[in-house]
Amino acid sequence: MKLRNQSIKESLTGYLFISPQMLIFLVFLVYPIFEGIRLSLYQINYTSEKFVGLDNYVTLFNDPIFFKALLNTVVFVVFIVVLTVGFALFVSSAVFDKNAKYVSFIRGSYYVPVMVSMVVMSMVWSFLLNPANGLISYFSQEMNLGTVNLLGKTTTVLPVIIFVTFATNVGQAIILYIAAMVGVPKDLFEAAEVDGANRWHVITKILIPSVSSTTIYIAIINIIAVLKIFVVIQLLTGGGPNNASVTLMYYLYNNAFKYNQLGVASAVGVIMFLITLLLSVPQLRALIKDM
Amino acid sequence: MKRKRFLTTIIALIMLTTMLAGCSGNNNSGTNTGGDTSGKKEKVELKVWLTPQWKGVLDASESGADYDSFMKYAAEKFTKQYDKYDVKVNVEVIAGDQRDQLLNVNLSSSTPPDVFFESVFAMGDYVHRGAMVPLTDIVDEAAKSDIAQSYWDAVTFGDDVYFYPFQHNPGTLVYNADMLKAAGLEKYIGGENDIQTWTLAEYEEILEGLKNNLPKDKYSNAYPMALYAMNTQGDTWNLAYMRMFGNTFFDEEGNVVLDDANGVKAASWLKKIKDAGYTNPGPESVSSNDVNGMFQNQQLAISFTNPVLFNNIKADMASGKTNKFDIRLANVPSESGDPLSFTYVVGASVFQSNDEKRVEVAKEFVKFFSSDPELVKSSKNSIPVRSSVVEEFKNDNPLFAAYDANSQYLFNFTGNVPGYSQLREVLYPELQALYIGSKTAEQAVKDYQEKGNNVIQSNKASSIIYQK
């Protein structure tokens, strides 16, 4: 009995310590999820709310732009995550064992765009890409190559946004990979050297498997970040041309803040939440298994 | 184990109760309308929003002139003479293309501005949605006799006035007369104080002349005409182009009727001039802000304007911010030869904050700056709605007469339909599809009509004016 009391006392202290964090978590993370689910079942006006069941979801599934947004989001997630992981692995494995100053320089160089606001980055890209008075178009005309409008073609707008987002975010992945690679035990590399392994073998057989938990982590945070991609779309394309670059987050924003369809926007939010959950759970399980 | 669970449950309940208590706290306090028991006047704080209208109090050439100068000056004058409450007015300038987003967010969280000074066409939806209070009771006979009935009609929804008309902004084209001269098109240049009317054939000739004969050494990287469809901003000119071949746009029931031969012809014309290189490249990803900047940098010969933009460009030239060149006005041409003319009535509205005192003071403030003899003179920055102000300044501003002559050609571009803001959102994706060639002119106008009419129907169903 005494032992049990002691255990409760110990637990109570723990609960008290985490209670402020739990409170914030419940109010700002858990509550909005449930509120979002509830709102997705209502038609909302400034003055009233009317329960409409699954009507908002029916509206969504009858809208071709929703499916375009869904497809674009999947394309963004796949390409940006693959590019980020691939490029970050390439850069990190190339530099991780070089001298400390050089590694710091590389880390710093790639991290600069991460620190700059996405709004500023989008404005810089807009200055370059604007077909009427942008720098790229200007040089192209000076060289008699005609105007270039990469944001105005349905075939090029997605690759451009993928590149802009990738270029802005890849620094974070490089930092994480270099940190993980520096921590790989040196005796593994020494053993490989004794066995006569070349650098390719070292990277593929030792380095990449050793940092697999970092890879999973980078993939998860990037999937979630890309699902929420918004600023670059808003500032560079406005979802255009003809909805070619609209994403789920932008579609949600349009419904909530332009069309005042809060119920439909909440339904999009619920669907995005489910997609994120589905994508994250298997990876989180793998991460936990490895730990 | 059971005890442990019990304890966990208790802690969870305490946290939940705290959370609910936090959430259900009285949030009607709004923007500081606290009472005061010390005998002093009660404090009332107002939030006033406006989109960029004109710079300066009375004139854009004043030192330190900015978009909020007038409203700040009006607020200062109002608070000095108002004795019922101790009023503080916070003025904020909102970008035109963020207006609906900001308003929707703030309305959803019950924190709308108290006063909004903006074009009526963009704000009518908020009346239909019940977000605004009527201003009928602050309109007196003096105002009624000084402001023509057509302006009162534009601000009346159902039986009530919802906006206090202050000025109006007729939309026209603006052209660089120096560029026309350089391209050998002198004969098409109108007088300095005229709004030139070209026939459609003449207009096409001008575009062709500008494309082929503009000296490249003087105007490198310049284009004949502005065309843009990235978002809703400045879309009224796009709507004017859609009427160029005589399409009425709305029928008597307020439905879009663009899907006829004239509507298709207009869309085809836009595509034709874009493909012929008479416009800036990539209108599908260019905004009206972009083309406005290009016009000021002399990269476009013909662009869009209204009296406020026109005066701001002139003020920027006078202050040396931009290079000086000869700018003049022209009408949007049409196939019939009659110009296409439209205007934005601009005025203040009051949002329903559910705080009686704030609504009361907001209405008093709107009435004050919309009727104060000194403050209403600022409406000369555009075109005043008050005949007394027009009379006072008509000799200083000869364009007042030109705008007046144009008024016979005015068309109502909103059709007074509910959901107009949302209707604007479905136009530009169709124009983009037209410009990038993914839809034919026929398909683009057909799809716009279908989507537009869905918007109008659904908004009619929830409009407090239609459902009265």
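First the proteins, then the strands, lettered A, B, ... as listed; each starts at 1. Just the heavy atoms: all of them, side chains too, but no hydrogens, waters or symmetry mates, feed the values below. The structure presented is a predicted model; accordingly, all values stated were derived computationally and were not measured.
- Contact annotation for B:Y428: only side-chain heavy atoms (C-beta onward) come within less than 4.5 Å of a heavy atom of chain A.
- Looking at B:D290, both its backbone and its side chain come within 4.5 Å of chain A, counting heavy atoms on both sides.
- Heavy atoms closer than 4.5 Å to chain A are found in the side chain of B:E284, but not in its backbone.
- For the set B:M230, B:E430, B:R424, B:Q432, the count of heavy-atom pairs under 4.5 angstrom toward chain A peaks at B:Q432.
- Heavy atoms from other residues, nucleotides or ligands lying under 6.0 Å from CD of B:Q101 number more than 12.
- With a 4.5 Å cut-off on non-hydrogen atoms, A:A244 does not touch chain B at all.
- Side-chain contact, B:S285 with A:N130: no donor N or O sits under 3.5 Å from an acceptor N or O.
- For the atom pair A:N149 CG and B:I436 CD1, the distance stands at 9.5 Å (nearest 0.5 Å).
- In this structure, the separation between OG on A:S137 and CG on B:N280 is 10.5 Å, given to the nearest 0.5 Å.
- Of the possible polar contacts, none joining the A:N242 side chain to the B:A433 backbone as a donor-acceptor pair under 3.5 Å is found.
- A heavy-atom distance below 4.5 Å is not found between the side chains of A:K258 and B:D100.
- To the nearest 0.5 Å, atom CZ of residue A:F257 and atom CG of residue B:N106 are 10.5 Å apart.
- Using a 4.5 Å cut-off between heavy atoms, B:S421 makes no contact with chain A at all.
- Annotation: B:K460, atom NZ; neighbour count of heavy atoms from other residues, nucleotides and ligands within 6.0 Å is above 12.
- Here the straight-line distance linking atom OH of A:Y138 with atom CD of B:Q299 works out to 9.5 Å at 0.5 Å rounding.
- Heavy atoms of B:Y435 lying under 4.5 Å from chain A are absent altogether.
- With respect to chain A, the highest number of heavy-atom pairs below 4.5 Å among B:P281, B:S220, B:G282, B:G419 belongs to B:P281.
- Heavy atoms of A:T237 lying under 4.5 Å from chain B belong exclusively to its backbone.
- When the shell of 6.0 Å around CZ of A:F28 is examined, it contains 12 or fewer heavy atoms from other residues, nucleotides or ligands.
- Applying the 6.0 Å contact sphere to CG of A:N62 captures more than 12 heavy atoms from other residues, nucleotides or ligands.
- Separation of atoms CD1 (A:I65) and NZ (B:K451) is listed at 5.0 Å; rounding is to 0.5 Å.
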For this session: Would you sort out whether A:Q141 and B:N221 count as a side chain to side chain contact (heavy atoms under 4.5 Å, CB included), showing the intermediate values?
Result: CA-CA 8 Å; A:Q141 282 174 50; B:N221 215 21; 2.5 Å; yes

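- What you find for B:N104 and A:A256 is that their closest heavy atoms are CB-O, 4.3 Å.
- A:Y57 OH: more than 12 foreign heavy atoms inside a 6.0 Å radius.
- Contacts of A:L129 with chain B are absent, with no heavy-atom separation under 4.5 Å from either backbone or side chain.
- Contact count against chain A (heavy-atom pairs under 4.5 Å) is highest for B:P429 among B:G437, B:P429, B:G293.
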